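As a basis for the values below, the full set of heavy atoms in this structure was taken, side chains included, without hydrogen atoms, waters or symmetry mates. Predicted, not measured: the structure shown is a model, and the values here were computed from it. Along the sequence shown, the residues carry numbers beginning at 1.
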Amino acid sequence: MLVHGSFLCQNAKQKFHIKEGFEMDKYECPCGYVYDPAEGDPDNGIPAGTSFADLPEDWLCPVCDSEKEFFEKV
């Protein structure tokens, strides 16, 4: 198992497991939807623990289809 910063992973291609007490930033869409990395976006194939920066470039708000560029850190 590799240890990298605040993350643990079995290999570079697998999901990261967040250490207890580590919190990633949440981002809010103009429509009011808040992307919470602790929850991810499972309805759209984004697992819990995925940071906003690691979302695919073509990911859209699940409520209003806004692009990532319109979200602001909260």
Side-chain angles (χ1 to χ4, degrees):
M1 183 176 290
L2 300 172
V3 177
H4 176 70
S6 296
F7 300 98
L8 297 175
C9 64
Q10 291 179 355
N11 70 46
K13 293 185 178 182
Q14 289 184 335
K15 291 188 283 186
F16 290 109
H17 299 283
I18 302 170
K19 279 187 176 179
E20 190 172 327
F22 181 78
E23 187 173 322
M24 289 186 276
D25 294 323
K26 297 176 184 176
Y27 283 77
E28 184 173 8
C29 181
C31 77
Y33 169 80
V34 176
Y35 176 77
D36 183 351
E39 297 176 14
D41 182 10
D43 292 340
N44 291 299
I46 307 297
T50 303
S51 71
F52 189 78
D54 289 334
L55 290 171
E57 288 304 314
D58 62 350
W59 180 84
L60 301 173
C61 172
V63 175
C64 72
D65 291 332
S66 287
E67 297 176 355
K68 286 175 57 177
E69 66 184 88
F70 298 107
F71 281 67
E72 293 195 21
K73 189 167 115 174
V74 292

Nearest heavy-atom pair of G49 and M24: which atoms, and what distance?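 Heavy-atom minimum between the residues: O-CE, 3.2 Å.
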Let me have the donor-acceptor pairs involving side chains of residues 61-74, under 3.5 Å, with sequence neighbours excluded, atom names and distances please.
{"residue": "K68", "atom": "NZ", "partner": "F52", "partner atom": "O", "Å": "3.3"}
{"residue": "K68", "atom": "NZ", "partner": "L55", "partner atom": "O", "Å": "3.1"}
{"residue": "K73", "atom": "NZ", "partner": "D25", "partner atom": "OD2", "Å": "3.4"}

Listing request: all salt bridge (Lys or Arg N to Asp or Glu O under 4.0 Å) pairs with a residue in residues 28-37, at least two apart in sequence or in separate chains.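 Passing the test, one end in residues 28-37: K26-D36.
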From Y33 OH over to L60 CG, what is the distance, rounded to the nearest 0.5 angstrom?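 If I round to the nearest 0.5 Å, the distance is 11.5 Å.
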In a table with atom names and distances, give each donor-acceptor pair under 3.5 Å that connects a side chain of residues 39-47 to protein atoms at least two apart or in another chain.
{"residue": "D41", "atom": "OD1", "partner": "N44", "partner atom": "ND2", "Å": "3.2"}
{"residue": "D41", "atom": "OD2", "partner": "N44", "partner atom": "ND2", "Å": "2.8"}
{"residue": "D41", "atom": "OD2", "partner": "W59", "partner atom": "NE1", "Å": "3.0"}

